[in-house]
Amino acid sequence: MVELFEHNTKGEARRSSKGNQLKWEDGGIWYKADYTGYEGLAEYLVSGLLAYSSLAPEEYVSYQTEEILYKTNKYRACKSRNFLPPGWKLITLERLFQSARGEGLNKAVYSIAEHADRLRFLAEQAAELTQLEGFGYYLDKLLTIDALFFNEDRHTHNIAVLLDETGKYHYCPIFDHGAALLSDTTMDYPLHGDIDELMETVRAKTFCQDFDEQLDLAEQFYGNQIRFYYGEKEIDKLLLEEPFYPEETKRRVKIILMNQRRKYRYLFGKRS
């Protein structure tokens, strides 16, 4: 257990539709407390399974679970190393677009009627404002991960780039999977609800509500940019090594993970 104090708390820089988690920073480590369910377990599992993918380690943030004592309360949580080099800043696409265009990016995206045009607009605007090549391929990776793991909270407030001290932009490691795997047991996905029925209710938020449509359009424009290499054995290993969450919750997320692996089996292969 880690004890954290008021001077470690950090304000919320990225908006979530589910509210704001308590966040802290201490000694170069970021901590996020669970807010609506098992967000920390979701972060841990998604990042742990990204290790069994074609992504390079520097392309995503690795999370571990933790138990935190803050004031008189105990929280389950996750932690990750601060990936920002000294002098660098994390800039969300929403903030970037607002500064450059004087309006919200999310509002601009959803003002476009056709979903394919929304995706192209999002990729083109991000590329123009950052001068980063291949932004659509980066979005394709995000949308693939979000569909596979049911991340229902990927929007322009938590898609980000990095700005270095010279004013040059860089791709941000993929982060923020706390809303994945039906982690919100307080409001939307009760722990004792029927899993199949609950999975039917999950909605995406990047540029439309359907995960499959988002992924299909991304693959039409940008191909398939990520492969996965995990199965039941790797899922079991991660769950066995996790020390804080109850077995009932772990059984639930395993069912979800195995279901999604079957559904998106075309994304999986064997390491060469």
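When reading the values below, keep in mind they use all heavy atoms of this one structure, side chains included, and skip hydrogens, waters and symmetry mates.
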Can you tell me which residue pairs pass the side chain to side chain donor-acceptor pair (under 3.5 Å) test with a partner in residues 161-173, sequence neighbours excluded?
-> Trp88-Glu165, Asp164-Thr166, Asp164-His170

Rounded to the nearest 0.5 Å, what separation is found between the OG1 atom of Thr156 and the NZ atom of Lys205?
-> 12.5 Å

Heavy-atom check, side chain of Phe135 versus side chain of Leu129, under 4.5 Å = no

Nearest 0.5 Å please: distance from the CG atom of Leu148 over to the CG atom of Leu143.
-> 12.5 Å

Which side chain to side chain donor-acceptor pair (under 3.5 Å) pairs, counting each pair once, include a residue from residues 39-50, with sequence neighbours left out?
-> Lys32-Glu43, Thr36-Glu39

In a table with atom names and distances, give each donor-acceptor pair under 3.5 Å that connects a side chain of residues 96-105 to protein atoms at least two apart or in another chain.
{"residue": "Gln98", "atom": "OE1", "partner": "Gly104", "partner atom": "N", "Å": "3.2"}
{"residue": "Ser99", "atom": "OG", "partner": "Arg95", "partner atom": "O", "Å": "3.0"}
{"residue": "Arg101", "atom": "NE", "partner": "Gln125", "partner atom": "OE1", "Å": "3.2"}
{"residue": "Arg101", "atom": "NH2", "partner": "Gln125", "partner atom": "OE1", "Å": "3.0"}
{"residue": "Arg101", "atom": "NH2", "partner": "Glu128", "partner atom": "OE2", "Å": "3.0"}

For Asp212, side chain to side chain donor-acceptor pair (under 3.5 Å) partners two or more places apart | Lys263, Tyr264

Would you say Cys78 and Trp30 make side-chain contact, with heavy atoms under 4.5 Å?
-> no

Residue pairs fulfilling side chain to side chain donor-acceptor pair (under 3.5 Å) with at least one residue in residues 104-115, sequence neighbours excluded | His115-Glu213

Remaining members of hydrophobic cluster (4.5 Å side-chain criterion), Leu240 = none

List the steps, then state whether side-chain contact (heavy atoms from CB on, under 4.5 Å) holds for Thr185 with Thr249.
-> CA-CA 10 Å; Thr185 59; Thr249 303; over 6 Å; no

Using the ring of Tyr38 (Phe, Tyr or Trp, six-membered ring only), decide whether Arg76 places NZ or CZ under 6.0 Å from its centre and within 45 degrees of its axis.
-> no

